[in-house]
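Have a look at the structure below, then the notes.
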Amino acid sequence: QVQLVESGGGLVQPGGSLRLSCAASGSIFSINAMGWYRQAPGKERELVAGITSGGSTNYADSVKGRFTISRDNAKNTVYLQMNSLKPEDTAVYYCNAFLSTSQGVMGRYWGQGTQVTVSS
């Protein structure tokens, strides 16, 4: 059993900052890529940022220069530092991990999502 638990969402004013965290736990052997996706009402889920086990990162054009993804491999945790937030960043943010379980099964796992609302 693998679980991804997100935290850190909330309500913030435009221009503000939030830091999301996502901790993976359970029967994990190794974690390859981790990432953050988001889904706004009426829109498809989109990739926000991703990070490999080696630390290589990629970002959606809309968040480049404002968001930073990082991870702590020892804690199986990925972070998303979000600065200069805009109303259009409002969405449910989901953590994602591509990993191998202790039973040798590889797969993609999702967190339950955390709401981020940017509004004055």
Side-chain angles (χ1 to χ4, degrees):
Q1 189 79 4
V2 174
Q3 285 188 318
L4 274 63
V5 179
E6 300 119 333
S7 61
L11 173 64
V12 63
Q13 292 186 342
S17 298
L18 282 175
R19 188 190 193 213
L20 306 183
S21 299
C22 171
S25 63
S27 302
I28 298 170
F29 176 72
S30 66
I31 301 178
N32 298 332
M34 302 186 81
W36 289 94
Y37 288 71
R38 67 185 180 187
Q39 188 167 19
K43 295 188 177 182
E44 294 187 353
R45 190 173 298 188
E46 63 175 357
L47 175 67
V48 176
I51 185 167
T52 68
S53 57
S56 297
T57 59
N58 64 290
Y59 296 92
D61 288 343
S62 60
V63 307
K64 282 181 181 177
R66 300 188 297 122
F67 290 11
T68 302
I69 189 170
S70 61
R71 65 189 281 178
D72 184 332
N73 291 331
K75 296 181 179 180
N76 287 340
T77 299
V78 62
Y79 306 96
L80 186 68
Q81 178 66 44
M82 305 185 292
N83 299 329
S84 302
L85 283 160
K86 305 175 181 180
E88 51 263 43
D89 294 318
T90 296
V92 178
Y93 283 70
Y94 297 91
C95 172
N96 174 271
F98 187 70
L99 57 83
S100 299
T101 69
S102 300
Q103 293 74 37
V105 177
M106 293 191 68
R108 187 177 297 277
Y109 294 82
W110 293 91
Q112 81 285 356
T114 185
Q115 177 71 45
V116 171
T117 302
V118 184
S119 175
S120 55

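All heavy atoms count here, side chains included; hydrogens, waters and symmetry mates do not.
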Checking side chain to side chain contact (heavy atoms under 4.5 Å, CB included) for the pair Y37/L47: CA distance, chi angles, key distance, verdict? CA-CA 4 Å; Y37 288 71; L47 175 67; 3.7 Å; yes
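The closest donor-acceptor contact from the side chain of R71 to the backbone of G35 lies at 3.5 Å or more, if one exists at all. The main-chain N or O of R38 is never found under 3.5 Å from a side-chain atom of E46 such that the two would form a donor-acceptor pair.
K86 has no carboxylate O lying under 4.0 Å from a charged side-chain N of D89, or vice versa, which leaves the two without a salt bridge.
The environment of E44 atom CD is sparse: at most 12 non-hydrogen atoms of other residues, nucleotides or ligands sit within 6.0 angstrom. Few gaps surround CD on Q39; more than 12 heavy atoms of other groups in view lie less than 6.0 Å from it.
By the side chain to side chain donor-acceptor pair (under 3.5 Å) test, S53 pairs with no residue at all, sequence neighbours left out. Among residues two or more places apart in sequence or in another chain, the side chain to side chain donor-acceptor pair (under 3.5 Å) test is passed with N96 by R108.
Contact between A91 and A40 at its shortest, heavy atoms only, is CB-N, 3.8 Å. The shortest heavy-atom contact between M106 and S100 is CG-OG, 3.3 Å. When all heavy atoms of S17 and S84 are compared, the pair lying nearest together is OG-N, 4.4 Å. G113 and E6 make their closest contact through N-OE1, 2.6 Å (heavy atoms, listed as atom of the first residue, atom of the second, distance).
Side-chain contact between S27 and Q103 is present, with at least one heavy-atom pair separated by less than 4.5 Å. Counting only heavy atoms from C-beta outward, the side chains of D72 and Y79 approach each other to under 4.5 Å. Using a 4.5 Å heavy-atom threshold, the side chains of S21 and K75 count as separate.
In the hydrophobic clustering, L99 connects to V2, L4, V12, L18, L20, I28, I31, M34, W36, V48, I51, Y59, V63, F67, I69, V78, L80, M82, L85, Y93, Y109, V116, V118, either directly or through intervening members, whenever side-chain heavy atoms lie under 4.5 Å apart.
Put simply, CD on Q115 and CG on L11 are 9.5 Å apart, with the number rounded to the nearest 0.5 Å. From C22, atom SG reaches atom CD of Q3 across 11.0 Å, with rounding to the nearest 0.5 Å.
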